[in-house]
There are 2 protein chains.
Amino acid sequence: MRDVAQTAGVSVSTVANVLNNPAVVAPATRERVEEAMASLGFVRSGPARQLRGLPSRLVGSVTLDQANPFYAELNRGIEDRLDEAGCLVLACSTDIEPEKELRILRLLEEQSPRGIIVTPTGENLAELAAVSRRGTPVVLLDATRGDLDLCAVGVDHEAGGRLAGDHLLGLGHRRIAFLSAARDVAPVRARLSGLRAAVSGAGAPPLLEVRMALGDLFSGTEEAVSALLALDDPPSAIVCLNDIAAVAVVRALERRGVRVPGDVSVMGYDDVPFAAHVQPALTTIRRPIRELGRVAADLLLAEGVPTHRHQELIFPPDLVVRATTAPPRDGS
Amino acid sequence: MRDVAQTAGVSVSTVANVLNNPAVVAPATRERVEEAMASLGFVRSGPARQLRGLPSRLVGSVTLDQANPFYAELNRGIEDRLDEAGCLVLACSTDIEPEKELRILRLLEEQSPRGIIVTPTGENLAELAAVSRRGTPVVLLDATRGDLDLCAVGVDHEAGGRLAGDHLLGLGHRRIAFLSAARDVAPVRARLSGLRAAVSGAGAPPLLEVRMALGDLFSGTEEAVSALLALDDPPSAIVCLNDIAAVAVVRALERRGVRVPGDVSVMGYDDVPFAAHVQPALTTIRRPIRELGRVAADLLLAEGVPTHRHQELIFPPDLVVRATTAPPRDGS
DNA sequence: TTGAAAGCGCTAACAT
DNA sequence: ATGTTAGCGCTTTCAA
């Protein structure tokens with residue numbers, strides 16, 4: 001900026017004025033300064049502006065895995081909303097490892113971002129509150145705020161679980177299994193609990209639960225499916241923690257000669273983009289993924305205004321019936 | 001930092017020493033300072049460090065759409081490598097709009113990041129060179145550097161197109177179509193050109209080309225498929241610009257009663273994670289997606305060292321034969 | 001309409 | 001082993 005000033009034959013504060021308050025600068029002077037900026041390839045320094053106390057244009061987004069289509073969509077929703085505000089997304093993945101989450105949180109905090117949107121592993125909630133208290137706004141995504149004084153946007157997963165259960169029960173299924181993952185996370189636990197409530201409320205046999213290994217997307221379901229099939233009284237319906245697992249389960253089942261939905265019904269969760277395009281198309285519980293991201297970004301941006309009050313938004317999920325569910329073969 | 005110094009009864013530079021050069025501080029003093037930091041909830045200011053000329057921990061990643069599974073994977077590869085270096089990814093999507101790309105580039109440059117990894121729309125290559133010249137390292141991803149003095153990591157898409165063509169030709173197909181998108185981009189053009197070379201080299205009839213509308217993932221193939229099917233002499237094989245389109249094409253075909261691969265063969269490109277898990281599993285051209293991201297991040301990080309010379313890395317793609325290709329029904 | 005100067009939080013060279 | 005100080009690039013009073 002000093003160079004620009006020199007080249008244009010003005011002082012730095014005049015350059016500052018053409019940048020921040022052009023109306024106050026004489027047209028001739030302004031033009032001269034603008035030429036100097038162009039010829040020197042001048043680029044404002046974000047860090048210097050932040051140091052002066054201006055709002056940062058960076059926002060952290062901490063998800064479990066940005067390669068997972070659900071979080072990729074979420075990040076896109078966040079990005080779209082932030083883009084309108086001239087902000088940029090720092091996309092981070094925790095792999096559900098609390099230590100990694102903590103490390104990322106620290107690193108993010110050091111950048112003094114406008115705020116951080118986080119899908120928590122569940123282990124570091126107190127730390128998140130601390131980050132917020134220190135001055136970096138935090139909004140929880142796909143989590144309930146509990147007694148924390150933070151903004152949160154979530155989904156009623158209990159209702160989602162119930163929706164899945166009621167659909168299957170309505171079809172005549174009684175023997176139902178839930179596929180969860182080796183590492184538990186609150187949103188999945190809530191789905192399980194809603195599903196279990198529906199099942200036991202209908203007087204059906206207790207819900208089966210199997211866990212799949214963590215790993216690459218789509219992997220880890222083989223053993224779980226084998227275990228289920230080896231049961232004396234195998235389930236006629238399997239609801240999966242998410243669409244990715246559901247697609248893998250359908251494949252694993254068909255590879256073993258079990259027809260879907262003829263022999264067993266399968267449900268996913270999320271309704272990620274490809275869920276409608278696999279064969280057979282997935283019956284699933286939808287949540288408005290991009291919208292969730294957009295709203296979280298909105299909340300984050302709103303933390304800037306002085307009158308801001310923290311709030312929690314809960315979205316209801318929907319049942320989307322497609323081709324992986326049908327009545328059970330026999331009466332069981 | 002001044003507060004910490006005061007609370008610990010030392011000077012700021014002692015605080016700086018426990019931060020950057022702990023060995024030089026007396027254990028007792030160090031402990032006192034560390035306590036002060038903890039009790040005050042001290043967090044280093046990244047912006048201030050950058051202003052002092054220390055390397056930034058931010059790296060921009062500009063892709064066409066971070067919600068697209070291919071770019072989501074790519075970003076994950078970048079993130080994984082950067083994570084080891086203590087850096088964070090700024091994930092941006094251009095939607096193949098040159099103006100948006102330009103806007104994002106400017107915004108990124110203002111943050112004075114360690115560098116920018118970009119999958120270019122193709123319109124702003126000169127600008128990218130300018131960014132680099134101004135001091136922000138740029139590495140091109142999924143693009144050739146041409147005469148630009150930049151690092152680049154790419155894939156030999158001509159070879160990929162040829163691989164697809166040879167596979168289909170080997171199966172006995174003669175009448176082949178390529179599905180591209182309304183907005184053209186260099187990597188797709190290269191695939192087309194490789195495919196065309198294979199087709200004409202085999203003396204088969206000229207390659208058909210249809211374009212699909214841009215829009216949401218998985219949408220826009222309906223009209224293209226209809227157009228192809230309405231032809232006097234419809235193709236017996238369709239190669240798609242990517243796996244997402246291929247999945248949608250398979251669906252569109254089957255919805256019209258056309259069996260895949262019985263009636264027509266379909267190929268994708270990329271081998272994104274779900275390609276192996278759709279039904280029928282997709283025959284496609286694989287490229288090492290995460291690896292591409294990791295290598296790009298490596299190259300970017302390497303720009304820091306003084307002896308660095310720009311380089312271009314080209315990865316060869318592979319043919320992955322699965323279940324969407326088969327010999328044509330008749331001899332055509 | 002333009003300029004001078006202080007200071008944001010930090011680091012590094014130097015002095016003690 | 002610890003302290004003093006200048007300065008990174010910018011914004012923002014305040015003065016001219």
Side-chain angles (χ1 to χ4, degrees), chain A residues 1-37 40-58 86 106-114 134-136 304, chain B residues 1-37 40-58 86 106-114 134-136 304:
Chain A
M1 218 164 107
R2 215 184 38 221
D3 293 352
V4 174
Q6 212 149 35
T7 320
V10 297
S11 75
V12 281
S13 38
T14 298
V15 178
N17 274 334
V18 352
L19 248 21
N20 306 319
N21 209 356
V24 91
V25 179
T29 317
R30 194 171 61 208
E31 194 157 329
R32 213 148 22 90
V33 172
E34 275 161 355
E35 269 165 25
M37 297 201 300
L40 293 178
F42 171 76
V43 178
R44 254 162 130 117
S45 158
R49 312 186 78 213
Q50 267 176 251
L51 202 52
R52 280 292 331 212
L54 301 196
S56 166
R57 290 182 171 289
L58 270 24
R106 292 239 192 289
L107 204 51
L108 279 176
E109 201 181 356
E110 290 189 1
Q111 316 308 314
S112 34
R114 177 84 62 99
R134 268 178 235 133
T136 301
Chain B
M1 219 164 106
R2 216 184 37 225
D3 294 352
V4 174
Q6 212 150 34
T7 320
V10 297
S11 75
V12 281
S13 40
T14 298
V15 178
N17 275 334
V18 353
L19 250 20
N20 306 320
N21 209 357
V24 92
V25 179
T29 317
R30 194 171 60 207
E31 195 158 330
R32 213 148 22 92
V33 172
E34 275 162 354
E35 269 166 24
M37 297 201 298
L40 292 178
F42 171 78
V43 178
R44 252 160 130 116
S45 160
R49 310 187 79 215
Q50 267 176 254
L51 203 52
R52 278 294 331 217
L54 301 196
S56 166
R57 292 182 170 288
L58 270 24
R106 291 237 190 293
L107 205 50
L108 279 176
E109 202 181 354
E110 290 190 0
Q111 316 308 314
S112 33
R114 175 86 62 101
R134 271 178 232 130
T136 301

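When reading the values below, keep in mind they use all heavy atoms of this one structure, side chains included, and skip hydrogens, waters and symmetry mates. The sequence lines fix the lettering, A, B, ..., with proteins before strands; numbering per chain opens at 1. This structure is a prediction, so every number in the text was calculated from the model and none was measured.
- Panel note: side chain Arg114(B), backbone Ser56(B); a donor-acceptor pair is recorded below 3.5 Å.
- In terms of the side chain to side chain contact (heavy atoms under 4.5 Å, CB included) criterion, residue partners of Arg106(A) (sequence neighbours excluded) are, by chain and number, Glu127(A).
- Applying the side chain to side chain contact (heavy atoms under 4.5 Å, CB included) test to Ser11(B) and every residue at least two apart in sequence or in another chain returns Ser13(B), Thr14(B).
- Ala48(A) and Leu51(B) make their closest contact through CB-CD1, 3.7 Å (heavy atoms, listed as atom of the first residue, atom of the second, distance).
- Taking a heavy-atom distance under 4.0 Å as the criterion, the stretch of DNA chain D touched by chain A extends 5' to 3' from dG9(D) to dT12(D).
- The residue among Ala48(B) and Ser13(B) whose nearest nucleotide of DNA chain C lies closer to the 5′ end is Ala48(B).
- Take Glu34(B) and apply the salt bridge (Lys or Arg N to Asp or Glu O under 4.0 Å) test, not counting sequence neighbours, and it matches no residue.
- The stretch residues 19-32 of chain A touches DNA chain C through Val24(A), Val25(A), Ala26(A), Thr29(A), each having a heavy atom within less than 4.0 Å of the strand.
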In a table with atom names and distances, give each donor-acceptor pair under 3.5 Å that connects a side chain of residues 16-31 of chain A to protein atoms at least two apart or in another chain.
| unit_1 | atom_1 | unit_2 | atom_2 | d |
| --- | --- | --- | --- | --- |
| Asn20(A) | OD1 | Arg44(A) | NH2 | 2.6 |
| Asn20(A) | ND2 | Ala16(A) | O | 3.3 |
| Arg30(A) | NH1 | Pro22(A) | O | 3.2 |

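- If Val12(B) and Gly53(B) are placed on DNA chain D by their nearest nucleotide, the residue sitting closer to the 5' end is Val12(B).
- Note that CG of Leu58(A) is 5.0 Å distant from CG of Leu58(B), once rounded to the nearest 0.5 Å.
- In this structure, the helix from dT1(C)-dA16(D) to dT16(C)-dA1(D) shows an angle of 40° between the axis at its start and the axis at its end, each fitted on 5 base pairs and rounded to 10°.
- Listed by residue number, Met1(B) are the residues of residues 1-10 of chain B with a heavy-atom contact under 4.0 Å to DNA chain C.
- Nearest heavy atom pair, residue Val12(B) against residue Ala5(B), reads N-CB, 3.7 Å.
- In this view, Arg52(B) satisfies the side chain to side chain donor-acceptor pair (under 3.5 Å) rule with no residue, not counting sequence neighbours.
- Residues satisfying the salt bridge (Lys or Arg N to Asp or Glu O under 4.0 Å) test with Glu110(A), not counting sequence neighbours, are none.
- Residues that satisfy the side chain to side chain contact (heavy atoms under 4.5 Å, CB included) test with Leu40(B), not counting sequence neighbours, are Asp3(B), Val4(B), Thr7(B).
- For the atom pair Gln111(B) CD and Gln50(B) CD, the distance stands at 9.0 Å (nearest 0.5 Å).
- Close approach of DNA chain C to chain A, defined as any atom under 4.0 Å from a non-hydrogen atom of the protein, starts and stops at dT1(C) to dG9(C).
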